[in-house]
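Step one of this worksheet: look at the structure below.
FYI, side chains are in, hydrogens and waters are out, and symmetry mates aren't considered; it's all heavy atoms of this structure.
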Amino acid sequence: MKRYFSIFTFIFIVFYASDLLAQTPYNTIPDWLSIEEESYGTGCDFGDINRDGFLDLAVSNGNDMALAPNYIYLNEFGFIPTEAAFISEDSLYSGHCEFGDIDNDGYPEIMVANYISEDWHPGSVQIYDNVEGQIEGLPSWITADSVYSFRATFGDPDGDGDLDLAVATGEAYHEEFRRNLIFYNNDGVLATTPGWISADYDAAYDVQFVDIDNDGDQDVAFLTSGGPVKIYYNYGDSIETLPTYTTYSTDNGNSFDFADVNGDGYLDMGVANNTQLDGSGLFKIYYSDNGSLPPVEDWQSYTSGYGSEAVFCDIDGDGDQDFITGRWFGLVYIYLNNDGEFGIMPTWQCDGAYELVVENIVFADIDYAQEILQIETFTGDGVTRLFHLSDRYIQGIEGVIVDGQELPLDRFCYSLQDTWISLAEAPQDSVTIQYRASDTKDMAVSNWDGSTYMFYNSPTGIFDGFTAVPLEIELHQAYPNPFNALTNISFTIKNPGRLKIDIFDLNGRLVENLVDRYFQAGTHSKIFDAAEISSGMYFYRLKSSAYSDTKQMLLLK
């Protein structure tokens, strides 16, 4: 149904949005800008590459403009330097990227969709392997056939506990329409040829795995340019090749996302549309009706333009999912969620001096200022293997316990962004998931026209540096000291947090990483076994995001 607004309504909306600005926990000016600014940044994602408990930032570059390498900015205990620590050895026309632990070893790989190649020929999708915390400079996996792909994403549609890959294909500007694809993972090895191929042809620019009907398996959704949003239903043993759901609109969609924005237990859909190829340029939301999305939007923004990004995230920590959007040659906009409803004007927008070409927006608590350990338990029925956590953009998974037994890494997979857990076997009685979350999520924005931006989350809207909550830590003396082969290293913390203890020799060389994980408040200890090293003076250093202490110990054999 069309909506009409008087000038008085418009004035009211402007003042209403201004009044709500204080509720949005970001400065309007970015707090962090990358040094790299001429690579046509397109995709970005957060992932813990080296398993130190801090989320690193990957940025894929090139788009359809230039050959460019991909970057990773390593998080140094709550601080991300503005210069990339990793630069890929290859340079391509890359679209979006995503972290995913393909081989279930705990170290996430980085996947990059390459939109085109030279002279606008098809590109590829590739994966850079992560070998015990080191990302390889060249990809170890690449699609067997060339494909136009701006985005791809990980999921587990076959429900076997490892990550499969869905690829959106096609290129709208030259009317190169292609079939969309899914590549299946078998015991940690991803096939290079697709196991699922759509029967229809599209130029698709976004893809998501989403259990839209709440039947316990992941359907696959594609956002097409100049066409409808399409959802292909998963029937457990197969995925349909023609979509059951399509929107009536043949808009020029560029990005979409799914989240339960009104708390009814079903996933709703937000879409960013673009006027470049005769689209509406409106941001839209479709509310699910008991697992069935309507073909026509229920909400749309007042303004239009080059809509390029739409994502849901609880940015103000009030327990509901807000709508964050962006435009090419425009701004980042936030529409705060008010009991499942959104105003048609944004609550917050970045400063006009920082107009940018928004491509991707992702979230993480970079400095772990408000990280907390969460535990959720679900009832098992012997059938269901897919479970959704109550928040999105979490910090990490600490453990998955099924029927009283902790699962090894190769028996489940997950998404930190969409916060689903998929198990290799269905629990009979229960599954308990321990994970780290935060109510103060920082926002990263990839920018085709310059630096990657980050806005730090501060409840006051004013950020004065990394304000990690002090853990009030006391590192105790090793006992015994001097020691022969075995000594006990202990520490006390007064509130939960992630800690790392490293052992160094007299020359400062790392001997062993003794501890690297999240701890609850209290006193904890760890035995250091020095049976394999020679006598001498050694140092043990405890470090968190806001604390560091080093003590010495003497090994006598």
Side-chain angles (χ1 to χ4, degrees), residues 48-56 74-81 85 105-107 130-135 366-369 371-373 395-399 401 405-406 408-409 434-436 465-557:
D48 186 1
I49 293 172
N50 50 12
R51 295 179 64 181
D52 65 352
F54 293 87
L55 292 174
D56 312 299
L74 289 179
N75 191 328
E76 298 178 357
F77 291 96
F79 173 78
I80 295 184
D105 65 350
Y107 294 97
N130 186 339
V131 181
E132 296 184 348
Q134 298 291 326
I135 300 292
I366 296 165
D367 61 340
Y368 287 56
E371 186 184 84
I372 55 176
L373 183 66
Q395 301 287 97
I397 301 294
E398 289 297 304
I401 301 169
Q405 300 293 319
E406 184 167 1
L409 292 173
Q434 301 172 342
Y435 64 97
R436 291 176 287 112
F466 285 96
T467 54
V469 175
L471 293 184
E472 298 187 54
I473 306 170
E474 181 183 359
L475 177 62
H476 306 301
Q477 290 289 342
Y479 182 82
N481 187 17
F483 68 103
N484 182 0
L486 299 178
T487 189
N488 186 62
I489 296 174
S490 63
F491 57 91
T492 300
I493 57 175
K494 293 187 178 180
N495 46 47
R498 192 168 190 97
L499 301 174
K500 185 177 184 180
I501 297 179
D502 290 318
I503 311 296
F504 299 92
D505 65 16
L506 197 58
N507 295 316
R509 291 186 294 258
L510 179 66
V511 174
E512 181 178 338
N513 172 228
L514 188 67
V515 165
D516 184 3
R517 68 180 183 86
Y518 188 96
F519 288 91
Q520 294 285 7
T523 299
H524 306 270
S525 63
K526 181 72 173 179
I527 297 296
F528 172 51
D529 185 350
E532 301 300 321
I533 60 177
S534 58
S535 297
M537 186 69 71
Y538 291 88
F539 299 92
Y540 57 102
R541 183 186 69 189
L542 184 150
K543 193 170 184 180
S544 73
S545 62
Y547 174 91
S548 180
D549 192 12
T550 302
K551 297 185 183 298
Q552 62 186 33
M553 55 189 175
L554 180 62
L555 172 62
L556 295 176
K557 291 187 175 180

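The two atoms that bring L555 and S534 nearest to each other are CD2-O, 3.2 Å, heavy atoms only. Minimum heavy-atom separation, F54 to I366: CD2-O, 4.2 Å. Minimum interatomic distance between I49 and N130 (heavy atoms only, all atoms of both residues): O-ND2, 3.1 Å. Nearest approach of G106 to R51, heavy atoms of both residues: O-CD, 3.3 Å. Between K557 and A530 the shortest heavy-atom distance is NZ-O, 3.1 Å.
Residues forming a salt bridge (charged side-chain N to carboxylate O under 4.0 Å, His left out) with D505 (at least two apart in sequence, or on another chain): R509. Scanning for salt bridge (charged side-chain N to carboxylate O under 4.0 Å, His left out) contacts around E398 gives R436, R498, with sequence neighbours left out. Partners of H476 by ring-ring contact (aromatic ring centres under 6.0 Å, His included), not counting sequence neighbours: none found. Applying the ring-ring contact (aromatic ring centres under 6.0 Å, His included) rule to Y538 yields no partners; only residues at least two apart in sequence or on another chain are considered. Listed by chain and number, the residues in a salt bridge (charged side-chain N to carboxylate O under 4.0 Å, His left out) with D549 are K551 (sequence neighbours excluded).
Remark: the backbone N or O of N75 is paired with a side-chain donor or acceptor of D56 at under 3.5 angstrom. Judged by distance alone, the side chain of K500 and the main-chain N or O of N513 form no donor-acceptor pair under 3.5 Å.
Annotation: the span from T492 atom OG1 to H524 atom NE2 amounts to 8.0 Å, rounded to 0.5 Å.
The neighbour count for E474 CD, taken as heavy atoms of other residues, nucleotides or ligands under 6.0 Å away, is above 12. Residue-environment remark: NZ (K526) stays at or below the threshold of 12 foreign heavy atoms within 6.0 Å.
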Ignoring hydrogens and angles, write down the donor-acceptor pairs under 3.5 Å from the side chains of residues 478-488, residues two or more places apart or on other chains.
residue	atom	partner	partner atom	Å
N481	OD1	L554	N	2.9
N481	ND2	Q552	O	3.2
T487	OG1	Y479	N	3.4
T487	OG1	Y479	O	3.2
T487	OG1	P480	O	2.7

